[in-house]
2 protein chains.
Amino acid sequence: MPPRPKIPRPTVKRLSLYLREIETRSELGHKTISSKQLGQALGLTDAQVRKDLACFGNFGHPGVGYQTTELIAELRNILGTDRQWNAALVGVGNIGRALMSYGRFRRKGFDIAAVFDSDPTIVDQDIAGHHVHSMKDLAGLVKERDIKIGVVAVPAAHAQQVADQLIAAGVLGILNFAPKRLDVHDKVSVVSVDFSVALEQLAFQVSLGLVGSLEEG
Amino acid sequence: MPPRPKIPRPTVKRLSLYLREIETRSELGHKTISSKQLGQALGLTDAQVRKDLACFGNFGHPGVGYQTTELIAELRNILGTDRQWNAALVGVGNIGRALMSYGRFRRKGFDIAAVFDSDPTIVDQDIAGHHVHSMKDLAGLVKERDIKIGVVAVPAAHAQQVADQLIAAGVLGILNFAPKRLDVHDKVSVVSVDFSVALEQLAFQVSLGLVGSLEEG
DNA sequence: AGTTGTGAACTGATTCACAGCC
DNA sequence: GGCTGTGAATCAGTTCACAACT
């Protein structure tokens, strides 16, 4: 099974958008969708949509389009959201608290299986239904609860050391909310969500009177 | 004044990263920084850094590098974060509340000058030091308070209509947290922060055992 | 008719490599 | 020695255009 040719980075981002749009349409009763319809809804060309989907197999039916239920299943499988990922949240500040009560987290297959903070005044409290653990329990609980994902929601100054601890404990991926590039060894994936950059993008575009939109993750 | 050749989209994203790194180093007392140092810190080539910065002028000093204070001022000016932007926040749910107490918002020149929600049970309450206004006051307050930026933090189903109201009221840019593509007419900029996409990026990379990191905004 | 999948052409971005400067 | 700025070359991503299929 050698046919995994190449997957352009931008393609992976778009897969999420495809999935969301098709889920919406499927709920509205649509049985099929064409690359043209999908492209129009997302501001992309039909060729782009077809190229992206063709990276992973021939899901389309010439003359018909793509079957929504079939494509949803394929995309979930490709993206890995049909599996369940246990996650450790580190940092119970603004962002951490918002994430704890954020429904979509769980809906995408991520389960916050443990919460940590270094502030002794909140360690051992229960916040939004989660017990806050001390940082020194991190390694133990990550292994015990089969946690594969770390969520870094601490200030920039501590982000790297928290990431190091998570990786040492065995996580395979990190979702980083700190405004700081994380240096990680190979085999660990990092996705960063950076508000500062988003804000500055917007300031730049607005102050230049720039046209056009920019998807930001 | 024709010398505004072209600005690659990815360049704009990186400018934010440059600014952050240089600010950090400047605070540590560094007077200059070379493209090589900057690139190394951010995982980029030195040529990339120079090309990006050269889009906006010749800030560098051959043999020396870039002066930190000078470059910080230039970058802030380019990005527009040396100006002040009044923003309207729409939606006082999880994300909205987190944004209200999020310091970086203000530090990047964004001032939440008015907060709105459609839920009558929270309209007219004070939350995190902000009075929550009814949606029907939106147009009036946006004009009255010279608001140029709208922040959409409502469910996907209402995002487009909220964006339409903001634009009708006169905002020039929208920061969108709803998992939904916003259709906007020209002259209005949109930057979207999409957690679903970030989560799925991570699930994809981890389940593929993929190497490498991905900056996500 | 309508639609997919894909090689070819094109556009855009990154890297290379070096002239010019300190 | 070190460094910037930039044209040229390379690489990546997108769009085009059409054969194949329903």
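Chain identifiers are assigned alphabetically (A, B, ...) following the order of the sequence lines, protein sequences preceding nucleic acid strands; residue numbering begins at 1 within each chain. Owing to the predicted nature of the structure, the values given are computational and were not obtained by experimental measurement.
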[N] phosphate, OP1 or OP2: any side-chain N/O from [X] under 4.0 angstrom?
X	N	result
B:Q48	C:dA13	no
A:Y66	C:dG2	no
A:S35	C:dT3	no
A:T45	D:dT14	no

Exercise: identify the closest heavy-atom pair between A:F59 and A:L53:
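Taking A:F59 first and A:L53 second, the nearest heavy atoms are CE1-O, 3.9 Å.
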
Whole angstroms only, please: what is the [atom1]-[atom2] distance between [X] and [N]?
X	N	atom1	atom2	value
A:L71	C:dT3	CG	P	16 Å
A:D46	D:dC18	CG	P	15 Å
B:L15	C:dA13	CG	P	13 Å
A:I33	C:dT4	CD1	C1'	14 Å
A:R50	C:dT3	CZ	P	10 Å
A:L38	C:dT4	CG	C1'	13 Å
B:D52	C:dT14	CG	C1'	10 Å
A:Q40	C:dT3	CD	C1'	14 Å

Report yes if a donor N or O on one partner sits less than 3.5 Å from an acceptor N or O on the other, where the partners are the side chain of B:K51 and the base of C:dT15; otherwise report no.
yes

With no hydrogens and no angle check, just 3.5 Å: does a side-chain donor-acceptor pair link B:H30 and B:Q67?
no

Do you see a donor-acceptor pair shorter than 3.5 Å between the side chains of A:S35 and A:R50?
yes

A:H158 atom NE2: more than 12 heavy-atom contacts under 6.0 Å
no

More than 12 foreign heavy atoms under 6.0 Å from CZ of A:R145: is that the case here?
yes

So do A:D46 and A:Q37 actually touch side chain to side chain, heavy atoms under 4.5 Å?
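Sidechains of A:D46 and A:Q37: no contact.
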
All pairs passing side chain to side chain donor-acceptor pair (under 3.5 Å) where residues 166-177 of chain A contributes a residue, at least two apart:
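Output for this query lists A:N176-A:S192.
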
Shortest side-chain distance from A:R14, nucleotide among C:dA13, C:dT15, D:dT14:
D:dT14

What nitrogen or oxygen pairs link the protein and nucleotides 19-22 of chain D at under 3.5 Å?
residue : atom : partner : partner atom : Å
D:dT22  : O4'  : A:P62   : O            : 3.1

